[in-house]
Amino acid sequence: MRTIINNARIFDGTGSPTRPGSVAIENGRVAAISPDNIAPQAGDIAIDADGKTLMPGMTEAHAHLTWPTSVEKFVPGMFLPPEELALTAARNARILLDHGFTSAYSAGALSKSLEISLAEHINSQGLPGPRLIPSSVEREPPNDSELDPGHVQDHGRGPEATAAFVKDCADIGAKAIKFLISGESALKPGASLELLYTEDELMAAGEQARASDVWLTGHAHAAEAVKLGVKSGFRVLYHCTYADEEALDMLESVKDFIFVAPTIGIVQATLDANPPPHMDMTHMKEDAALVLETQKALVPKLRERGIRLLPGGDYGFPFNPNGRNARDLELWVEHFNYTPSEVLQAATALGGEIMGMGNELGLVKEGYLADLLLVDGDPTEDVRLLQDKTNLHMIMQEGRLYKAPANSQHV
């Protein structure tokens, strides 16, 4: 059985302009692309796109599925009992898929094993959600904030402890091990410029990650944190806010290996937040204003050096809920001077690459996995369309219709 989508405008994920065409999907993959309509056969599912935009599913490159707040449920803090946290993470996974994110690369969890179990349930089709690179628990950053994510397992100190932490997480099924290389000034003033690990500790973590065949993911604002991340073999670095010329040179030297997500969503959300009277966000807003201006200057430098940049904005906080993820695309156009097509390429084609599946995910291309969206309107003209899930008339994941258009029919 095939699924035939005719009369579409195709954005293929490469950044090229949309073009009219039709697509046949078979065995979970794009089997054919034609400029003309494809005749459905008996047993096929036929969909008339009626000029809507067919595009690859998006990847959230900084996913926090255990961060509790979503567009469907506000949670005032960050702590939930284990049972509620598990159900909330499952709900958040479904919400991301509802909003067109068919893949997600985790930026850390509030539980050591929850995301590993969640990924297994998603992969077995027991729960709806994005294809997930599950992460480990995050080490609690030093902070003075009411948004403390809670006391989580201590990694321990010293090279042996960091290596053991990586091995332990890998052994239970984590694919991306998260370290906070620097602190976070939004939670504790000045902490973004503080290092939380020594070079020996991170080099040991990197050596163990290679031995265990897992990826290292790092929160790194300070220039020295970026340098330590590159030197010790981190595959994904978030923020990189205060990267100096030496850090930029180092990032460029590993541009075919590393990915960077500047994480602008949380910054804008902090600036926009209207907190209740008992919560003082003054220093958070001051830091966010500084980070925004710094990253607006940084991102063009990273782009010039050919470093792969992906959207993903720390969604799941009370003022930046899971489900708002596509807002990052608009912010990249507004603050980083990306065109809609350029940021869509980052969310789709580069999304396939950060998932480790760049040869089969993130493009509308023959042989690629059929993770596809059918969008009312043209997001290459107005990327804000993707912030409204009602504009997604179809959501397909590996050829399965998670959300079918109203006019789909069996032939």
Side-chain angles (χ1 to χ4, degrees), residues 28 56-70 82 85-138 169-178 209 212-219 235-236 238 259 261 263 265 310-316 321-326 328 347-358 360-362 368-373 395-400 402-403:
M58 295 181 287
T59 295
E60 168 56 66
H62 189 133
H64 281 308
L65 296 179
T66 61
W67 270 217
T69 292
S70 71
L85 182 65
L87 292 170
T88 296
R91 179 181 192 156
N92 288 340
R94 188 264 300 162
I95 287 170
L96 257 66
L97 185 57
D98 285 347
H99 287 80
F101 289 86
T102 55
S103 297
Y105 186 100
S106 175
L110 298 181
S111 161
K112 190 170 184 178
S113 60
L114 176 53
E115 285 194 348
I116 297 160
S117 296
L118 180 60
E120 291 172 351
H121 282 277
I122 292 170
N123 291 341
S124 66
Q125 300 175 43
L127 288 172
R131 177 187 298 100
L132 178 63
I133 299 292
S135 186
S136 59
V137 68
E138 278 205 45
C169 290
D171 286 348
I172 63 172
K175 302 300 182 186
I177 316 299
K178 173 76 176 288
S212 296
D213 194 26
V214 293
W215 295 325
L216 291 184
T217 304
H219 168 106
R235 182 175 178 267
V236 176
Y238 296 123
F259 298 86
T263 316
L310 289 94
D314 231 338
Y315 294 90
N322 276 301
R324 195 184 284 175
N325 308 62
D328 251 46
T348 57
L350 291 186
E353 293 183 22
I354 199 173
M355 296 295 290
M357 302 172 69
E360 61 174 347
L361 181 69
Y368 273 54
L369 290 168
D371 278 26
L372 302 171
L373 309 176
I395 302 171
M396 177 180 283
Q397 200 174 32
E398 290 194 23
R400 299 184 300 273
Y402 170 68
K403 180 179 183 181

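This one's a predicted model, so the numbers in the text were calculated from it and none came from an experiment. Computed from heavy atoms alone, side chains included, the values below leave out hydrogens, waters and symmetry copies. Positions are given from 1, in the same order as the sequence printed here.
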Mind checking what makes ring pair (Phe, Tyr, Trp, His ring centres under 6.0 Å) contact with His219, not counting sequence neighbours? His221, His239
Do the side chain of [X] and the main chain of [Y] share a donor and acceptor less than 3.5 angstrom apart?
X      : Y      : value
Asn92  : Ser70  : no
Arg235 : Ile354 : yes
Thr66  : Leu110 : yes
Ser124 : His121 : yes

Could you measure the distance from the [atom1] atom of [X] to the [atom2] atom of [Y]? Nearest 0.5 Å is fine.
X      : Y      : atom1 : atom2 : answer
Met355 : Leu310 : CE    : CG    : 11.0 Å
Glu398 : Glu360 : CD    : CD    : 8.0 Å
Leu96  : Thr59  : CG    : OG1   : 10.5 Å
Lys178 : Leu216 : NZ    : CG    : 12.0 Å
Ile395 : Arg400 : CD1   : CZ    : 13.0 Å
His99  : Leu373 : NE2   : CG    : 12.0 Å

For a quick test of reading the model, state the closest non-hydrogen atom pair linking [X] to [Y] and the distance between them.
X      : Y      : value
Leu132 : Glu115 : CD2-O, 3.8 Å
Leu85  : Ser111 : CD2-CB, 4.2 Å
Leu118 : Ala93  : CD2-CB, 4.3 Å
Ala170 : Ile177 : N-CD1, 4.3 Å
Ser106 : Ser135 : OG-CB, 3.1 Å
Pro68  : Thr88  : O-CG2, 3.5 Å

Report yes if some heavy atom in the side chain of [X] is under 4.5 Å from a heavy atom in the side chain of [Y]; otherwise report no.
X      : Y      : answer
Thr217 : Tyr105 : yes
Arg91  : Leu87  : no
Arg94  : Tyr402 : yes
Ser103 : Asp371 : yes
Tyr238 : Asp314 : no

Establish, from distance only, whether the side-chain atoms of Asp328 and Tyr315 form a donor-acceptor pair under 3.5 Å. yes
Got a sec, which residues hit side chain to side chain donor-acceptor pair (under 3.5 Å) with Asp171, two or more places apart in sequence or on another chain?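 Only Lys167 meet the side chain to side chain donor-acceptor pair (under 3.5 Å) criterion with Asp171.
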Glu60 and side-chain hydrogen bond (donor to acceptor under 3.5 Å, both in side chains): which partner among Thr102, Asn322, Asn325?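 Exactly one candidate clears the test, Asn325.
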Relative to the ring of His64, is the ring of His62 parallel (under 30°), tilted (30 to 60°) or perpendicular (over 60°)? perpendicular
